[in-house]
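Every chain is numbered from 1, with letters handed out A, B, ... down the list of sequences. All values below were derived from every heavy atom in this structure, side-chain atoms included, with hydrogens, water molecules and symmetry-related copies excluded.
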Amino acid sequence: MPTMFYNTLSHSLMEFIPLTPGPDSADPLRGAFVRMYSCGPTVYDYAHIGNFRAFLFADVLRRYLEFRQARVQQVMNMTDVGHMTDDALADGAGQDKLQLAVEKMKATKKAGQAAVADPNDPFQVADFFTEVFLADARTLGLAVVADYDRAADAAAREAVMPRPTRHIAHFIQLIQRLLANGHAYVAADGVVYYDVGSFRAYGKLSGNELDRLAHGAGGRTNAQAAKRHPADFFLWKPDRTHLMRWDSPWGQGYPGWHIECSAMAMHFLGESLDIHTGGEDNIFPHHECEIAQSQGATGKEFARFWMHTRHLMVNGEKMSKSRGNFFTIGDLTKKGYDPLVIRYALICTRYRESTNFTLQSLHEAAASIAFLRDLADKLTPSVAAVDEAAGDAGRLAVHEVSLAPGEADMIAEFSRALDDDLNISAALAALFTWAKPLAQKGRLDYPAARSGLAALRRVDHVLGVIFPPLRALPVAVQEKVDALMQQRLQARRNKDFAASDTLRRELSALGVEVKDTPTGSTCRPRLVPPA
RNA sequence: GGCCGGAUGCCCGAGCGGACUAAGGGAGCGGAUUGCAAAUCCGCGAUUCGUGGGUUCGAAUCCCACUCCGGCCUCCA
């Protein structure tokens, strides 16, 4: 079955064939090289779960391509340049997001909780939130951050998760190219604008054709005398008073908020990419403008596939700062939710459906993860024993372990579902339909267990919730847990069940779940707080 | 005003013209098992897919109308 993805650009499902396909035309993903750019966060505040839904969608997509044995080069920007926030004054007179972050930082410093040494320095503030973002993304298992952490040096890290403040020279070069070929102009006010009238395809992605943009009743394009067309957007704005500013041929100032993605994507991935991802709100104007900039400069198709995830709702309402109904990763982990539970809850519905987030959805996710992890735990011992005896020869790469028919069928169905525009609900159904009977069986022999475990490892390359370790307990807590487990063991030997139950409750309060089996008691960290 | 999506059991969510007596997950109830739990097992639960029409031999799936919900239209993932 061909791999079909919904392409916002064509407004339809299209077969995904990489620009650099693999050698087998019947399976172009196997051995392909895929260039993928994912719009990342603006690091001016703590990212919330809605932001992470978009990043996790890109992550699942990337991991699925890898599951199909493509090699993926994924780049995700971390925007550390502030952009204007006041849309009524969208062309530059509004307040800058990093400026706002700086104000907030100063306020927290006054309150005695300094996160950075100098809250007046927007670069320090951006660095602070960048680190917070990276830490959150790590706990959620974003593969792009694993790439970043594996990178050999600063330049290699930059090539994975670039920061615009380090690429101002590239922006200037791109703007010069657009000026040279007539897609941009310097207006009377000294601002460099993109000339949307010069780009025929403007509006193709979003459906916002130029005439409609100008006349739509709710359209907020602002007619400024200096612009040729109300929809023209600025590429560089000279402003000596701006908080973050750089030298340029057009005077000291700052770049427009679309140029960074065009410039960095093309710098690191080349002038044509396979896939560009983002949240649905990015479609217009951000991605529309990126296409205009990139294709205006190169004359080549910028990205073949544009894929956008719908927004996350919280308790049936749009998530927004004014309503205060958003969660950060920190909010949830502090309540006692394991990050893997958050990951599962955010990826288990299809990316093109708007989905509703509730605390209940985290509990549902925890039940699903616990089941799959229990199954993996059950299969592991017999496999580990044999494979370890065999030494390195026994430890095959996941793709090399041969699967029994039952597992092969499940993997095929899982893959077929994801080929259908990442229909993860159907993919999970295939997984559970296979896993349930397996979990019911007693101890499996080595070949069966090995096949089952290999299948779980393959699907978990996409899901990322079965094999990653749960978060560790703090050392002091762990020591206390160990001591209580010892006490409980003693109590159980003495058949003092009242004491045993009390200890189980105490352990639960410490965040671990105790399980008694014929061979002894085990405990593990709770995935979610007690109900 | 313009442009897009969506409405499936108690909840989440697949299915998009015949194998639907509607996948899968969660919660619930009754029973087995267990010192009690957890896990596991067995059993129960939409004659129905927002409402009303239509097309068809056949519709959750296609068409029309209506109701409701959500998104975008230069802050946003």
How far, in whole Å, is [M] from [N] if one measures between their [atom1] atoms?
{"N": "B:C20", "M": "B:A59", "atom1": "P", "value": "15 Å"}
{"N": "B:C62", "M": "B:U56", "atom1": "C1'", "value": "9 Å"}
{"N": "B:U21", "M": "B:G9", "atom1": "C1'", "value": "15 Å"}
{"N": "B:G52", "M": "B:U67", "atom1": "P", "value": "15 Å"}
{"N": "B:A32", "M": "B:A23", "atom1": "P", "value": "28 Å"}
{"N": "B:C68", "M": "B:U51", "atom1": "P", "value": "15 Å"}
{"N": "B:U48", "M": "B:A60", "atom1": "P", "value": "11 Å"}
{"N": "B:G1", "M": "B:C16", "atom1": "C1'", "value": "32 Å"}

Taking atom [atom2] of [N] as reference, at what distance in whole Å does atom [atom1] of [X] sit?
{"X": "A:I283", "N": "B:G5", "atom1": "CD1", "atom2": "P", "value": "11 Å"}
{"X": "A:Y6", "N": "B:G71", "atom1": "OH", "atom2": "C1'", "value": "13 Å"}
{"X": "A:M313", "N": "B:C69", "atom1": "CE", "atom2": "P", "value": "12 Å"}
{"X": "A:H258", "N": "B:A77", "atom1": "NE2", "atom2": "P", "value": "13 Å"}
{"X": "A:M78", "N": "B:A77", "atom1": "CE", "atom2": "P", "value": "14 Å"}
{"X": "A:Q360", "N": "B:G28", "atom1": "CD", "atom2": "C1'", "value": "12 Å"}
{"X": "A:R350", "N": "B:A23", "atom1": "CZ", "atom2": "P", "value": "18 Å"}
{"X": "A:L431", "N": "B:A23", "atom1": "CG", "atom2": "C1'", "value": "13 Å"}

Salt bridge between A:R63 and A:D59, side-chain N to carboxylate O under 4.0 Å?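 Answer for the salt bridge query: yes.
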
Between A:R228 and A:D195, does any NZ, NE, NH1 or NH2 come within less than 4.0 Å of an OD or OE carboxylate oxygen?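 Between A:R228 and A:D195 there is a salt bridge, with a charged N closer than 4.0 Å to a carboxylate O.
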
Indicate, with a heavy-atom threshold strictly under 4.0 Å, whether [X] touches base, sugar-phosphate, or nothing.
{"X": "A:G50", "answer": "base"}
{"X": "A:T433", "answer": "sugar-phosphate"}
{"X": "A:D501", "answer": "base"}

With the criterion being N/O to N/O and under 3.5 Å, what pairs connect the protein with nucleotides 37-43 of chain B, and how long is each?
residue	atom	partner	partner atom	Å
B:A37	N6	A:D516	O	2.8
B:A37	N1	A:D516	N	2.9
B:A37	N1	A:D516	O	3.4
B:A37	N3	A:R504	NH1	3.1
B:C41	OP1	A:Q440	OE1	2.6

Would you say [atom1] of [X] has more than 12 non-hydrogen atoms from neighbouring residues, nucleotides or ligands within 6.0 angstrom?
{"X": "A:K204", "atom1": "NZ", "result": "no"}
{"X": "A:R200", "atom1": "CZ", "result": "no"}
{"X": "A:Q486", "atom1": "CD", "result": "no"}

Would you say a side-chain N or O of A:T355 is under 4.0 Å from OP1 or OP2 of B:G13?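 Yes, such a contact exists.
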
Check whether any side-chain N or O of A:N356 sits under 4.0 Å from OP1 or OP2 of B:C69, and answer yes or no.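 No, outside the criterion.
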
Pairing donors with acceptors under 3.5 angstrom, does anything connect the side chains of A:D377 and A:T380?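 Checked: A:D377/A:T380 side chains show no N/O donor-acceptor pair below 3.5 Å.
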
Between A:E260 and A:T79, do the side chains contain a donor N or O and an acceptor N or O under 3.5 Å apart?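 There is such a pair (donor and acceptor under 3.5 Å, judged by atom type) between the side chains of A:T79 and A:E260.
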
Measuring from the side chain of [X] (C-beta onward, heavy atoms only), which nucleotide among [options] has the closest atom?
{"X": "A:A426", "options": "B:G71, B:G24, B:A14", "value": "B:A14"}
{"X": "A:S425", "options": "B:U74, B:A14, B:C73", "value": "B:A14"}
{"X": "A:R310", "options": "B:G71, B:G25, B:C73", "value": "B:G71"}
{"X": "A:A367", "options": "B:C72, B:G25, B:G26", "value": "B:G26"}

Closest nucleotide of RNA chain B for A:R352 versus for A:A498: which of these residues is on the 5' side?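 Going by which nucleotide is closer to the 5' end, it is A:R352.
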
Does A:A430 or A:T349 map to a spot on RNA chain B nearer the 5' end, using the closest nucleotide for each?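 Residue closer to the 5' terminus by nearest nucleotide: A:T349.
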
Centre-to-centre under 6.0 Å for A:Y202 and A:F199, is that the case here?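 Centroid distance A:Y202-A:F199: not below 6.0 Å, so no.
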
For A:H276 and A:F305, I'd like to know if the aromatic rings sit close, meaning centre-to-centre distance below 6.0 Å.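 That pair fails the under 6.0 Å test.
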
Find the partner of [N]: check Watson-Crick (N1-N3 plus N6-O4 or O6-N4) and G-U wobble (N1-O2, O6-N3) distances, both under 3.5 Å, and reply none if neither fits.
{"N": "B:A7", "result": "B:U67"}
{"N": "B:C72", "result": "B:G2"}
{"N": "B:A38", "result": "none"}
{"N": "B:G28", "result": "B:C44"}
{"N": "B:C62", "result": "B:G54"}

Run the side-chain hydrogen bond (donor to acceptor under 3.5 Å, both in side chains) check on A:Y44 and A:D80 step by step: do they pass? CA-CA 7 Å; A:Y44 67 104; A:D80 56 358; over 6 Å; no

Identify whether a stacking contact exists between A:F432 and B:G24, where the ring centres must be under 5.5 Å apart and the planes under 30° apart.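 No, A:F432 does not stack on the base of B:G24.
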
Has the side chain of A:N208 got a donor or acceptor that lies under 3.5 Å from a partner of the other kind on the base of B:G2?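 Counting by modelled atom types and ignoring angles, no donor-acceptor contact under 3.5 Å is found here.
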
